[in-house]
2 protein chains.
Amino acid sequence: MIDLRRLRLLREVHVRGTLHAAAEALGYTPSAVSQQLSVLEREAGAPLLERVGRKVRLTEAGQVLVVHADALLEGVDAAAAEVAAVSAGRLAGVVRVAAFQSAFLRIVAPTVAALAEQHPAIRVEATEREVEQGVPELRLHRLDVVVGDEYEDQPRAIHPELQREVALRERITIVLPAGHPLAAARRIRLADLADLPWAACQPGTGHHEMHLRACRQIGGFEPDIRYTSDDFLILLEMVRTTGAGALLPDLVVGFDPPGVVARPFASGGVGREVFLLTRRSRTPTVQAVVDGLVVAAGAAAPAR
Amino acid sequence: MIDLRRLRLLREVHVRGTLHAAAEALGYTPSAVSQQLSVLEREAGAPLLERVGRKVRLTEAGQVLVVHADALLEGVDAAAAEVAAVSAGRLAGVVRVAAFQSAFLRIVAPTVAALAEQHPAIRVEATEREVEQGVPELRLHRLDVVVGDEYEDQPRAIHPELQREVALRERITIVLPAGHPLAAARRIRLADLADLPWAACQPGTGHHEMHLRACRQIGGFEPDIRYTSDDFLILLEMVRTTGAGALLPDLVVGFDPPGVVARPFASGGVGREVFLLTRRSRTPTVQAVVDGLVVAAGAAAPAR
DNA sequence: GTCAATTGTTCAGTTATCGTGAACAGATGA
DNA sequence: TCATCTGTTCACGATAACTGAACAATTGAC
C-alpha cells in the first residue's frame with residue numbers, strides 16, 4: 001500500500017528539484033526524505049528518482065506517480081473538508097448531476113437555485129445528458145445523480161448497483177398551434193389528427209417510440225412524423241411556426257409557451273415517469289440534492 | 001493528514017458491520033482496529049462510528065468519509081498499476097480526450113485504433129466537445145487532452161497552466177455542389193459567389209466569424225448564410241442537396257464526400273490551425289497519446 | 001430469567017517504523 | 001584546488017502501531 005505522506009514527499013521533490021529543499025519545505029531532514037523515498041520506491045516497485053549531477057530528477061515512473069499523487073492529495077483535502085463541514089452540521093461537497101433537457105430546465109435549475117440558499121456549501125455541477133450516456137458515468141463515480149425519463153410500457157433495465165427513485169409522474173398532452181381548428185376543444189381525439197404532420201424526437205428515442213405507439217393504438221393511424229429533433233424547445237417552435245402537432249409531456253408545455261395550446265387526450269393517453277438514479281450508497285450531501293430534485297419536480301408538475 | 005490505511009479500515013468496517021470482522025479480514029486484532037479508528041476520528045476531527053447494540057454503525061461524517069475512501073483507495077490502486085506498467089517498459093493508464101466533431105472523426109478515431117495496437121495498456125476515452133467546454137474540465141483533471149481549432153486572425157487566449165501544441169495547419173476550401181457552373185474551375189474567385197446561399201456554423205462560433213470575414217474581405221460581399229449547424233456533416237449535406245455553398249477546412253472535405261467539390265480560393269484564402277491542449281505536466285502516457293494524435297493529424301491532412 | 005457467546009474498549013508491554021544527527025562520497029563552481 | 005553543495009548511509013533515540021489480556025455491554029439460546 002502506497003503511503004500518502006511519502007507521495008507528498010515525492011511531489012515536493014518534483015516541484016523543488018532537490019531533496020534538501022523538499023525536506024526544508026516539509027520540516028524534515030534530508031536524511032529522512034532520502035530514506036522515505038527509498039521506501040516509496042520499494043512500495044511502488046520501481047525506481048522513482050535518478051541523480052543528475054548533484055541534483056535529482058524523477059524517472060518516468062516517478063512522473064507518472066506524481067501525477068496520481070497530485071490527484072490523491074487533492075482528494076484527501078476534499079475529503080477532510082467535507083467531513084469537517086458535515087460534522088459541523090452543514091452539508092457540503094460537490095454533487096454532479098446529469099439531466100435530459102426539459103428536466104434540466106424545469107427541475108435541476110430550480111434545485112440549484114434553492115440549494116444555493118439552503119446549503120451554500122454544496123456545489124452542484126450540472127450537465128445535460130441522456131440517461132444512456134449518464135449511467136456508465138454514474139457507475140464510474142463521475143456523476144452522482146442522473147435524471148432520466150421513461151414512457152409508459154417502455155421500462156428501462158436498471159443496474160443492480162444503482163438506485164432508482166420516482167421524481168414525477170405526468171401525462172403526455174397533444175400540442176397544437178394556437179390557430180388550429182381543434183385548439184378550442186377541451187379534449188382532443190387523437191384520431192381526428194390523422195392527417196396532421198408531426199414533430200417528434202429522433203427515431204430510436206423513447207419519445208419517438210411512444211409517439212408511434214400512441215398514434216397507432218389510440219389514434220388508429222400511422223403518423224406523418226415530418227420533423228425530428230431531440231430538443232423539445234425546437235419541437236415546440238416547429239409546432240408554433242409550421243402548423244405541425246406534437247405529443248409532449250407536461251414538463252415541456254408547463255412553460256405555457258406562446259402560440260401553442262396543450263390539450264389532454266379525449267380518451268386513454270400516455271404517461272411518462274421522470275426518475276432519479278444514484279449509486280446505492282448515498283452520502284447525506286447527495287441525499288440532500290436528491291431531496292431537492294424531488295421537491296422541484298413536484299413544483300414543476302402542473303396541477304391537473 | 002488522513003492516513004490511507006485507516007481509511008481502508010473504515011471502509012472494511014462499513015462493509016462488514018463489525019470491528020472483529022474487519023480486523024479478521026485485514027489480519028489485525030480487533031484491538032488494533034479500535035485504536036486506529038480512534039486515531040482516524042482525531043484526524044478527521046469528527047466522530048465516525050456509533051455503537052448500536054453490540055455492533056457499530058457509521059455516523060453521517062463516517063459515511064461521507066467512506067465514500068471518499070473508496071475513491072482514494074481506487075486511486076492508489078490505479079496509480080500503483082500504472083507505475084508498474086510504465087516501469088515494465090510499456091505505457092498504461094487512462095487518457096481522456098475531447099475533440100470537436102471533424103477532429104474526432106479524422107484524428108481521434110484513427111489514433112485510438114493505432115494506439116490499441118501500439119500500447120494496448122493505454123485506455124483512451126474520447127468525447128465530442130468544443131474547446132470552450134473542454135478547457136475547464138482539462139484544468140479540473142477530468143480531461144487530459146483537448147483538441148481544438150482556431151481560424152486565422154482569431155487567436156484564442158490560452159491559460160498559463162496549459163500547454164498548446166499545433167497538430168495541423170490547413171487551408172479553408174470553397175465547397176460547391178457538383179452541379180454548380182463553377183465546379184469545373186480549378187480555383188474559384190469568392191467574389192463570383194456573391195449571390196450563393198451559404199451553409200455555416202452557428203453565429204458566435206469561430207467558423208461563422210471566419211465565414212463572414214472571408215466573404216467581406218476577400219469576396220467583397222455580405223454572405224447570405226441561410227443554413228446554420230455546428231455539425232460539419234450536416235453542412236456538407238446541405239451543400240449537396242440544396243445547392244448552397246460552404247467554406248470548409250480540408251479536414252472536413254478530406255472525406256471526398258460524393259456530390260460536392262472542394263476548390264481552393266483563387267487568391268488569398270483563410271487558414272485554420274488544429275491544436276492540442278494539455279496540462280503542462282504530461283505523463284509519458286499522455287505524451288504517447290499526444291504523439292499519436294499529431295501523427296494522425298499529419299496523415300489526415302490531404303496533400304496539396 | 002440465566003448464562004455463554006459475541007461485541008467493542010482499555011491498558012500495559014512489545015515491536016516496528018520514523019526521525020535525527022553525524023560521517024561519507026560524488027559533483028560543482030569559484 | 002578546495003570549499004560547498006548535493007544525496008546516501010548508519011546507529012540510535014522517539015514515536016507510532018500492534019498484540020494479548022482484562023473488562024463492560026449486549027444478544028440470543030436454554
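Below, chain A is the first sequence line, B the second, and so on; all start at residue 1.
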Nearest-angstrom distance from the residue atom CG of Leu19(A) to C1' of dG19(C): 15 Å
Nearest-angstrom distance from the residue atom CD of Gln36(B) to C1' of dT17(C): 13 Å
Whole angstrom value for the distance that separates P of dA27(C) from CZ of Arg57(A): 15 Å
Any donor-acceptor N or O pair under 3.5 Å, side chains Thr59(B), Gln63(B): no
Spacing between Lys55(A) atom NZ and dT4(D) atom C1', to the nearest angstrom: 14 Å
Whole-Å distance separating the CZ atom of Arg6(B) from the P atom of dT17(C): 15 Å
N/O (side chain, His20(A)) to phosphate O (OP1/OP2, dG7(D)) under 4.0 Å: yes
Check: Leu251(A) main-chain N/O paired with Glu170(A) side-chain donor or acceptor under 3.5 Å: yes
Below 4.0 Å: OP1/OP2 of dT19(D) and any side-chain N or O of Thr29(B): yes
Ser34(B) vs dT9(C): side-chain N/O to OP1/OP2 distance below 4.0 Å: yes
hbond_proxy Gln35(A) side chain to dT20(C) base (donor-acceptor, 3.5 Å cutoff): yes
Nucleotide nearest Arg51(A) (side chain, heavy atoms from C-beta), chosen from dC18(D), dG7(D), dT9(C): dG7(D)
Nucleotide nearest Arg54(B) when distance is taken to its side chain, options dG8(C), dT6(C), dT20(C): dT6(C)
Protein-nucleotide distance (Leu26(A), atom CG; dC18(C), atom P), rounded to Å: 16 Å
Least distance between heavy atoms, Tyr28(B) atom then Val33(B) atom: CB-CG2, 4.1 Å
Any donor-acceptor N/O pair under 3.5 Å between dT9(D) base and Ser31(A) side chain: yes
Polar side chain donor-acceptor pair, Arg139(B) to His159(B), under 3.5 angstrom: yes
d(CD, Glu50(A); C1', dG26(C)) in whole Å: 17 Å
Leu37(A) vs Leu49(A) side-chain heavy atoms within contact, under 4.5 Å: yes
Whole-Å gap separating P (dT14(C)) and OH (Tyr28(B)): 22 Å
